Engineer: 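Have a look at the structure that comes next, please.
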Amino acid sequence: MARKLAAGNWKMNGTTAELSEVAALTAAISDATCEVLLCPPATLISRMADMAQGTGLKIGGQTCHSEASGAHTGDISAAMLYDAGASHVILGHSERRADHGETSEQVAGQSAAAQAGGLIAIVCVGETEAERDANVTLNVVGTQLAESIPDDCDLSKLVVAYEPVWAIGTGRTPTIEQIAEVHDHMRSALTERFGQGADDIPLLYGGSVKPSNAADIFAVSNVDGALVGGASLKAEDFGGIVSALSQA
Ligand code: PGA
């Protein structure tokens, strides 16, 4: 089985006041048997990384540029995230794809840059509601997966997150059968492309994961963890998800 990972995505939330949640989280996860990651806004990475020292908590970024440095106002490089104390970076989140027009080809470039900069790339894919209704979910996810991961990817530094766009922040989740179908499809596609090494790539589900539905989702085959938005903001909720994954 791939290593288990509970990843929190704080999105554009959090200032100094919310660092108290990190202190509470490090205490709550002291018995965790899975990896635990928080991806705060870039402004908090360094301070959170200091707080996470010596605990089981890892810290990540929410995007990075495909180039190592240069004239890209407002952007952040993999080396900068690494230098601030990040071990992972979320790439190609549907909010980045929608708000900033990021394409899968760009995400592949970011993934390569992230790995070259020493980070684990968490590549996100997922269909819109219209695509699910049109019955093209597996095609959409398969194409995004194929195009967002570079050919020379270091599989030991890759995580994939399946996040149906319509399930993000809505309180709605796919059925267990729908999650299983997509995750099995992703595992097969990755194995076909990369060989047996793909068995160890953690496949996360994301979209309205909370303590009350986490155990059912973690029982699904080829679900190795979760990418959690809203419920990662409170240590109590995220701690509940981490303990569900530890017991899965
Ligand atoms: P959510 O967000 O848990 O708030 O639905 C998930 C995500 O966007 O990663």
Side-chain angles (χ1 to χ4, degrees), residues 4-14 18 21 25 34-42 44-45 48 57-64 81 86 88-102 104 107 110-111 114 119-129 131-132 137 140-141 144-145 148 158-176 178-179 182-183 186 202-218 220 223-245:
K4 297 194 284 183
L5 172 64
N9 173 12
W10 275 23
K11 308 189 178 184
M12 198 171 72
N13 298 291
E18 282 71 41
E21 291 298 328
L25 182 65
C34 59
E35 282 190 286
V36 186
L37 171 72
L38 262 191
C39 299
L44 292 181
I45 289 175
M48 274 200 196
L57 181 66
K58 295 183 172 163
I59 305 299
Q62 298 178 8
T63 186
C64 74
L81 294 174
H88 293 63
V89 60
I90 299 169
L91 298 171
H93 189 282
S94 62
E95 288 152 14
R96 299 285 316 169
R97 293 178 188 259
D99 294 354
H100 299 275
E102 288 184 1
S104 291
V107 175
Q110 295 166 356
S111 303
L119 300 174
I120 294 175
I122 303 176
V123 173
C124 302
V125 296
E127 83 286 3
T128 62
E129 184 153 37
E131 289 163 342
R132 173 147 301 266
T137 296
V140 169
V141 168
Q144 286 182 343
L145 203 56
S148 302
L158 176 68
V159 174
V160 171
Y162 167 57
E163 299 205 303
V165 178
W166 53 274
I168 294 176
T170 59
R172 297 165 58 205
T173 53
T175 64
I176 293 302
Q178 287 171 328
I179 295 173
V182 175
H183 278 247
M186 295 198 301
L203 304 183
L204 312 184
Y205 167 77
S208 297
V209 178
K210 44 191 185 237
S212 59
N213 62 16
D216 287 345
I217 292 170
F218 296 148
V220 177
V223 172
D224 306 304
L227 181 54
V228 183
S232 73
L233 294 169
K234 291 277 166 254
E236 193 183 343
D237 291 339
F238 195 42
I241 293 167
V242 169
S243 85
L245 184 58

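Because the structure is a prediction, the values reported are computed rather than measured. Start at 1 and go down the list; that is how both ligands and their atoms are numbered. In what follows, every heavy atom counts, from backbone to side chain, and hydrogens, waters and symmetry copies are set aside.
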Engineer: Could you go step by step and tell me if Val141 and Thr137 meet the side-chain contact (heavy atoms from CB on, under 4.5 Å) rule?
Structural biologist: CA-CA 6 Å; Val141 168; Thr137 296; 4.3 Å; yes
Engineer: If only side-chain N and O atoms count, and only distance matters, is there a donor-acceptor pair under 3.5 Å linking His93 with Gln62?
Structural biologist: no
Engineer: Using the salt bridge (Lys or Arg N to Asp or Glu O under 4.0 Å) criterion, which residues pair with Glu35? Sequence neighbours excluded.
Structural biologist: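 For Glu35, the residues satisfying salt bridge (Lys or Arg N to Asp or Glu O under 4.0 Å) (neighbours in sequence not counted) are Arg3, Lys58.
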Engineer: Enumerate the protein residues lying less than 4.0 Å from ligand 1, judged by heavy-atom distances, in chain and residue-number order.
Structural biologist: Asn9, Lys11, His93, Glu163, Ala167, Ile168, Gly169, Gly207, Ser208, Leu227, Val228, Gly229, Gly230
Engineer: Can you list every pair that meets salt bridge (Lys or Arg N to Asp or Glu O under 4.0 Å) and has a residue in residues 228-245, with sequence neighbours left out?
Structural biologist: Glu21-Lys234
Engineer: Does any pair with a residue in residues 166-175 pass salt bridge (Lys or Arg N to Asp or Glu O under 4.0 Å), and if so which ones, sequence neighbours excluded?
Structural biologist: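 Residue pairs passing salt bridge (Lys or Arg N to Asp or Glu O under 4.0 Å), neighbours aside: Glu129-Arg172.
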Engineer: So which of Ile241, Leu57, Leu5 actually passes side chain to side chain contact (heavy atoms under 4.5 Å, CB included) with Val36?
Structural biologist: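 Answer after filtering Ile241, Leu57, Leu5: Leu57.
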